[in-house]
Peer 1: 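Take this structure first; my questions come after.
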Amino acid sequence: MSYNINEKGYYGEFGGAYIPEMLYPNVEELRQNYLKIMAEPSFQEEFNALLKDYVGRPSPLYFAKRLSEKYNTKIYLKREDLNHTGAHKINNTIGQILMAKRLGKNRIIAETGAGQHGVATATVCALMGIECIVYMGEIDIARQAPNVARMKMLGATVIPALSGSRTLKDATNEAIRDWINNPVDTHYIIGSVVGPHPYPDMVAKFQAVVSEEIKSQLLEKEGTEDPTYLVACVGGGSNAAGTYYHYLDNEAVNIIAIEAAGHGVDSGESAATSVLGKEGIIHGSKTLLMQTNDGQITEPYSISAGLDYPGVGPMHANLYKTGRAEFIAITDDDAMKAGLDLCKLEGIIPAIESSHALAVFEHKTFKPDDIVVLNLSGRGDKDLQNYIDYFKL
Ligand SMILES: *Cc1c(COP(=O)(O)O)cnc(C)c1O
């Protein structure tokens, strides 16, 4: 059995492409071409050159000595926080902009909630001189002013979504509408391992550079490619998918997925999608999502904007259902404490999403010989105001 995608676009029973008929030509064009394009030597060459010189890869695998001493185990941090634009999201947007160019597209659309994916998309559009339109809920535009300013400075047009709750799902609806109306010249850059097939697989493959690097870096430092544990936080699931990718079918390596419990899994204010979720369809994919008994999608809550998504990618739904990965839900309070701990112990200010992953060490005891590789998905600059408000700094 494999935990990777099958030829029909499913991870176990999850995945597929559940889309309106009018979107079919767009998604089908991508599905028929993405693997072929990614396999072209010229694509690989351009992708790897940009990852190296523009993003700054490989990101270091850092042995966190003081953190390891505190928890009496061996902890390595994969430093995605050091990438250009401050997180792993750029790995995917670089890949997709190159894909769009090969497909002959000259216009990019994206949706964004907190604005991080919008910024990563606007960045690569500026890099390539391609028009960029980002849909964002009106409420989110007001809440995320610095990221809106960044997107504008990078030359993107930010269009407010004015319908519904005026947040991420409404922005997604607007982006889909745009794509239906512009099937020929436009590529839609999705920001995580979500959406209809082939998006989850394509995004996972662009992020897989993370585990590819972990293998060779760990071999050099520990004499083995295999850690005992891999740990990553899961919003939609892209940084986690990248961290796990080359280890999915290697069951000697234990996988831990960290979700956001918000105020507590049973508090009604949470984003612990796998534990709370039921099977359903969201953004064109069959997966686990938070919904009421009659199938209405529930509003998620987390202090971290990047983890506050009501679904989870189909790869992760399958990892949960099969038990291949252990899922742990971390509250706002525990995440914030773990984030501040990393600042004091290692001199690294993490993104609040990554702080959730770091809280694993208070929740699970590892052995002294265990090698734990934790993906530090992003840096905390964007979250400074949140840290200030929370700790009254
Ligand atoms: C967006 C984001 C996440 C969550 O997205 P995934 O697709 O689950 O990786 C996690 N960490 C950071 C720093 C982010 O910006």
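Nothing here was measured: the structure is a model prediction, and the numbers come from that model. Positions are given from 1 along the sequence. Just follow the structure's listing: the first ligand is 1, and inside any ligand the first atom is 1.
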Peer 1: Is it true that Tyr62 and Glu346 share a donor-acceptor pair across their side chains at a distance under 3.5 Å?
Peer 2: yes
Peer 1: Distance alone, cut at 3.5 Å: any donor-acceptor contact between the side chains of Tyr34 and Asp201?
Peer 2: yes
Peer 1: So, does Glu111 use its side chain to make a donor-acceptor pair with the main chain of Glu174 at under 3.5 Å?
Peer 2: no
Peer 1: Tell me: protein heavy atom nearest atom 4 (C) of ligand 1, and distance?
Peer 2: Gly306 O, 3.3 Å
Peer 1: Among all protein non-hydrogen atoms, which one is nearest to atom 12 (C) of ligand 1, and what is the separation to 0.1 Å?
Peer 2: Ser377 OG, 3.5 Å
Peer 1: Checking the side chain of Asp370 only, and the main-chain atoms of Val372 only, is there a donor and an acceptor separated by less than 3.5 Å?
Peer 2: no
Peer 1: Quick one: does His88 get within less than 4.0 Å of ligand 1, heavy atoms only?
Peer 2: yes
Peer 1: Is it the case that ligand 1 has an N or O less than 3.5 angstrom from some N or O of Leu307?
Peer 2: no
Peer 1: Looking at Gly378, which atoms of ligand 1 are within less than 4.0 Å of one of its heavy atoms?
Peer 2: 13 (C)
Peer 1: If the cut-off is 4.0 Å to any non-hydrogen atom of Gly235, which atoms of ligand 1 fall inside it?
Peer 2: 8 (O)
Peer 1: Would the distance check show the side chain of Asp334 and the main-chain N or O of Ala359 forming a donor-acceptor pair, the cut-off being under 3.5 Å?
Peer 2: no
Peer 1: Going by the order shown, which atoms of ligand 1 are within less than 4.0 Å of some heavy atom of Ser192?
Peer 2: 6 (P), 7 (O)
Peer 1: Main chain of Ile190, side chain of Asn92: is a donor-acceptor contact present, judged purely on distance under 3.5 Å?
Peer 2: yes
Peer 1: Examine Cys233 against ligand 1 and note whether any of their N/O atoms are separated by less than 3.5 Å.
Peer 2: no
Peer 1: Which ligand 1 atoms does Lys89 reach within 4.0 Å, using its non-hydrogen atoms?
Peer 2: 1 (C), 2 (C), 3 (C), 14 (C), 15 (O)
Peer 1: Numbering the atoms of ligand 1 from 1, which are under 4.0 Å from a heavy atom of Ala351?
Peer 2: 13 (C)
Peer 1: Only heavy atoms of Ser238, strictly under 4.0 Å: list the atoms of ligand 1 that pass.
Peer 2: 6 (P), 7 (O), 8 (O), 9 (O)
Peer 1: Within the distance-only criterion (no hydrogens, no angle test), does the side chain of Ser216 pair as donor or acceptor with the backbone N or O of Glu213 below 3.5 angstrom?
Peer 2: yes
Peer 1: Which distance, rounded to the nearest 0.5 Å, do you find between the CD of Glu299 and the OG of Ser165?
Peer 2: 5.0 Å
